[in-house]
Amino acid sequence: MPTTAPEPGTEAGTGAGLDLTLLYRGPLSSCDYDCPYCPFAKRRDTPGQLRADRAALERFTGWAAERAGTGDTLALLFTPWGEGLVRSWYRRALAELSRLPHVRRVAIQTNLSCRTDWLAEADLATLALWVTYHPGQVGHDRFLAKCRELDALGVRYSVGVVGQPEHLAEARRLRAALAPAVYLWINAAEGRTYTDAEAADWTALDPHFGYSRHAHPSAGLPCRTGESVLSVDGDGTVRRCHFVRDELGNLYDGSYRTQLRARGCPLPVCDCHIGYVHLETLPLYDVFAGGVLERVPHGW
């Protein structure tokens, strides 16, 4: 357990309430970018699919709002397959959730292609953004201008790049241009092995790249998922994380609550940050204390 103040979702609070971290992923799968390494590139949702995604998100937002007065506290990370913030219902949901006193943090993974004026409606003490920069999909100057808008508004955010060799020069350029207070993270490219020299180049930009470079053994090891960290889909099905398909119940009928307990991981390895950050065998709740959901290191 961390030696610093507990991250939202690490411990149940006093009384009957729970302190939960929820990773929500609805049916949205469309994106306005066409990154070659992403299966959802330039995918289009039908109007019916978009209506279903909106209804699912509004149901989840309503459930979260109704936890007020129950003793539960929540930290919420939206991890859509597609790009959420180009949809008005995601922008509205984040702003509304940020203003709820029992929501400690609300964050979303985004490519930042949306406008930023909606953030004026949010409580920026609670809201944060996990931003990914995709060279080849957006120009450096245009992306940096969006980051400058976030800086001017006082938004808490991190920015990251997938560690493809062809992205290195752009990542260096971005790091030089970003405000020093903005953390630049690097995700190891899926299936890629890095030589020590290559890893050193990326580590010069992200001192924590080493955690992403290799998959982490996890079989049978203690993990906060399934106890205080949960994955929720658009139907309300609750699982311990996005990568373990076993169901723990449903959010909306409360059946998941009786299933919350410490569990060892059933998978041999964990290679995604939103998964391995919760492994108790890694020190990442200390490394990212206060910023686990938005991927901002402690004291950055």
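What you see is a predicted model, and the numbers here were worked out from it, not measured in a lab.
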Might you point out which heavy atoms bring [X] and [Y] nearest each other, and give the distance in Å?
| X | Y | result |
| --- | --- | --- |
| A188 | S212 | N-OG, 2.7 Å |
| L119 | L150 | CD1-CD2, 3.6 Å |
| N250 | Y252 | OD1-N, 2.8 Å |
| S113 | V86 | OG-CG1, 3.5 Å |
| R25 | T79 | NE-O, 2.7 Å |
| R91 | L85 | NH1-O, 2.8 Å |

Any Y133 side-chain heavy atom under 4.5 Å of L112 side chain: no
Non-hydrogen side-chain atoms of L127 and Y157 separated by less than 4.5 Å: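 When only atoms from C-beta onward are counted, Y157 and L127 do not touch, as no gap falls below 4.5 Å.
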Check whether [X] reaches the backbone of [Y] with its side chain - one donor and one acceptor, N or O, closer than 3.5 Å.
| X | Y | result |
| --- | --- | --- |
| S218 | L221 | no |
| Q49 | T46 | yes |
| H278 | C223 | no |
| D123 | R99 | no |
| D233 | T237 | yes |
| H216 | Y211 | yes |

Row check, W202 ring normal vs R213 NZ/CZ: under 6.0 Å, within 45°: no
R148 charged N/C atom sitting above F143 aromatic ring, 6.0 Å / 45°: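 Pair R148/F143 does not count as cation-pi.
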Parallel, tilted or perpendicular, as decided by the 30° and 60° cut-offs, for the rings of Y276 and H273: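 The rings of H273 and Y276 stand perpendicular, inter-plane angle above 60°.
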Tell me whether [X] is salt-bridged to [Y], with the criterion being a basic N under 4.0 Å from an acidic carboxylate O.
| X | Y | result |
| --- | --- | --- |
| D72 | R257 | yes |
| E149 | K146 | no |
| R172 | D201 | yes |
| E58 | R92 | yes |
| D206 | R175 | no |
| E294 | R105 | yes |

Salt bridge (Lys or Arg N to Asp or Glu O under 4.0 Å) between E198 and R192, intermediate numbers included: CA-CA 11 Å; E198 290 170 334; R192 183 172 187 83; 3.7 Å; yes
Test applied, side chain to side chain donor-acceptor pair (under 3.5 Å); reference residue, S158; option that passes from W185, W130, Y183, W300: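 Looking at W185, W130, Y183, W300, the match for S158 under the side chain to side chain donor-acceptor pair (under 3.5 Å) is W185.
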Full working for salt bridge (Lys or Arg N to Asp or Glu O under 4.0 Å) between E170 and R173: CA-CA 5 Å; E170 276 298 321; R173 185 183 179 198; 3.5 Å; yes
Criterion salt bridge (Lys or Arg N to Asp or Glu O under 4.0 Å) on E247 and R239, from CA distance to verdict: CA-CA 5 Å; E247 297 181 7; R239 298 176 174 87; 3.5 Å; yes
Aromatic contact, H208 with F288 (centres under 6.0 Å):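 Close enough - the centres of the two rings lie under 6.0 Å apart.
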Stepwise salt bridge (Lys or Arg N to Asp or Glu O under 4.0 Å) check, R104 with D19: CA-CA 9 Å; R104 297 193 181 193; D19 192 354; 3.4 Å; yes
Spatial distance of atom CD (Q259) from atom CG (D246) [nearest 0.5 Å]: 11.0 Å
